[in-house]
There are 2 protein chains.
Amino acid sequence: MENKNRYNEILTKEGFKKTKHRTDILEILYNSDKPLSAEEIYLYLKQNDSSISLSTIYRNMDRLIERNLVIKNTLFNDNKARFEISRKNHKHHIICLKCNKMIEIDECPFKELENKIKNETGFEIETHKFEIYGYCENCKDNKK
Amino acid sequence: MENKNRYNEILTKEGFKKTKHRTDILEILYNSDKPLSAEEIYLYLKQNDSSISLSTIYRNMDRLIERNLVIKNTLFNDNKARFEISRKNHKHHIICLKCNKMIEIDECPFKELENKIKNETGFEIETHKFEIYGYCENCKDNKK
DNA sequence: ATGTGTGCAAAGAGTTTGCATAGGT
DNA sequence: ACCTATGCAAACTCTTTGCACACAT
């Protein structure tokens, strides 16, 4: 956690109060290379001598998502929401169907495609989701 | 529902008993142009003078997914699972963030990318998800 | 001082499970 | 006859909400 003040300015501008919980959540997501569930955030704080209630996490997520500071990710198959920081350069992942290991995919090759689809459908495009699923090297010979 | 026997052969081969509920579910998904939630399937049958319990739907889904006859889709943001028939040529969609209107995207341009990622990560790739989100022509001037 | 933020417990929503009965082979 | 499939109700998991108190501005 190098810079606890990373989000101070933005929080003020967006009308948020700067609370410890809010900055904690944002820092955890900022420093994570993968989307985290509410429970994962909860446990992280617990293991680092802090404490927070799950309802506080969910309530903050709602507001941070509204202001586009956080993105809700439902790409796993366990019906559990995960959250990630909204970054200028978003990332996609490849996810192991057995152990849930995730590796980032560097490129996002969808800019052209989005333009094409915008023209064809008249949609105003906000975002997209793309993830690949399979079995990682450790799991692929032992899928069950 | 043109052909109630579409899945009979497959069901037998996969060790399923041919029950009315199972073929109903498969036909509904087969004839739907979008993924359906368990409740949507439940209501569809109810409105068509049939009846089924939600647990039956969920139990069937688990088994049909195991055999790759059905795909679980978690790409919506409401933490509700949706199910779709597994087709030879899968489709991607663009989804309106307000009214949930979906339009199919014709192409699936990810075959090359999958090969590249397979080589880079060692993953054995099973599938991928890709959807685009935005506002359709009707909703884009009135997002709230 | 005011309004926003928080914890706790309870409520909600979606999904899963145990058990007795019904139905397919 | 056997074993799978189903309905019902209860249990479970994740998320949301009401309320009283705490904290940031």
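In what follows, every chain begins at residue 1, and chains take the letters A, B, ... in the order their sequences are listed.
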side-chain contact (heavy atoms from CB on, under 4.5 Å) between L69(B) and I85(B), intermediate numbers included: CA-CA 6 Å; L69(B) 295 175; I85(B) 274 289; 5.8 Å; no

Side chain to side chain donor-acceptor pair (under 3.5 Å) partners of S50(A), counting only residues at least two apart: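 Partners of S50(A) by the side chain to side chain donor-acceptor pair (under 3.5 Å) criterion, ordered by chain and then number, come out as K20(A).
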
Side chain to side chain donor-acceptor pair (under 3.5 Å) partners of T121(B), counting only residues at least two apart: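 Result, side chain to side chain donor-acceptor pair (under 3.5 Å) vs T121(B): none returned.
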
Can you check whether N60(A) has a side-chain N or O nearer than 4.0 Å to OP1 or OP2 of dT6(C)?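 For dT6(C), OP1/OP2 do have a side-chain N/O of N60(A) under 4.0 Å.
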
Taking only the side-chain nitrogens and oxygens of R63(A), find out if one of them lies under 4.0 Å from OP1 or OP2 of dG5(C).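 For dG5(C), OP1 or OP2 has a side-chain N or O of R63(A) closer than 4.0 Å.
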
Distance under 6.0 Å and angle within 45° of ring axis: R67(A) vs F16(A):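 Relative to the ring axis of F16(A), which defines the angle, R67(A) lies inside both limits.
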
[X] [atom1] - [N] [atom2] separation (whole Å):
X: E66(A); N: dT4(C); atom1: CD; atom2: P; result: 13 Å
X: Y42(B); N: dG14(C); atom1: OH; atom2: P; result: 13 Å
X: I57(A); N: dC8(C); atom1: CD1; atom2: P; result: 12 Å
X: L64(B); N: dT4(D); atom1: CG; atom2: P; result: 16 Å
X: L26(B); N: dA5(D); atom1: CG; atom2: P; result: 13 Å
X: L43(B); N: dG14(C); atom1: CG; atom2: P; result: 11 Å
X: K80(A); N: dG14(C); atom1: NZ; atom2: C1'; result: 14 Å
X: N79(B); N: dT16(C); atom1: CG; atom2: P; result: 13 Å

Assuming nearest nucleotide by heavy-atom distance, tell me which of S37(B) and S51(A) is located more 5' along DNA chain C.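 In this pair, the answer is S51(A).
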
Go nucleotide by nucleotide along DNA chain C from the 5' end; which of D62(B) and H21(A) gets its closest nucleotide reached first?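 Counting from the 5' end, the first nearest nucleotide belongs to H21(A).
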
Not counting sequence neighbours, which residues clear side chain to side chain contact (heavy atoms under 4.5 Å, CB included) with [X]? List them please.
X: N48(B); result: Y44(B)
X: A38(A); result: L54(A), I57(A), Y58(A), F83(A)
X: K118(B); result: I125(B)

Close N/O contacts between protein and nucleotides 21-25 of chain D (under 3.5 Å):
residue: dA24(D); atom: N3; partner: K17(A); partner atom: NZ; Å: 3.3
residue: dT25(D); atom: OP1; partner: K18(A); partner atom: N; Å: 3.4

Taking only the side-chain heavy atoms of T56(B) (C-beta and beyond), determine which of dG7(D), dG7(C), dC14(D) contains the nearest atom.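 Minimum distance to the T56(B) side chain belongs to dG7(D).
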
Under the salt bridge (Lys or Arg N to Asp or Glu O under 4.0 Å) rule, collect the residues that match up with R59(A), sequence neighbours excluded.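 Applying salt bridge (Lys or Arg N to Asp or Glu O under 4.0 Å) to R59(A) gives none.
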
Those residues that, when tested against E39(A), pass salt bridge (Lys or Arg N to Asp or Glu O under 4.0 Å) (two or more places apart):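 With neighbours one apart ignored, the set is empty.
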
Could you list the protein-to-nucleotides 8-12 of chain D atom pairs, N/O on both sides, closer than 3.5 Å?
residue: dC8(D); atom: N4; partner: S55(B); partner atom: OG; Å: 3.1
residue: dC8(D); atom: N4; partner: R59(B); partner atom: NH2; Å: 3.4

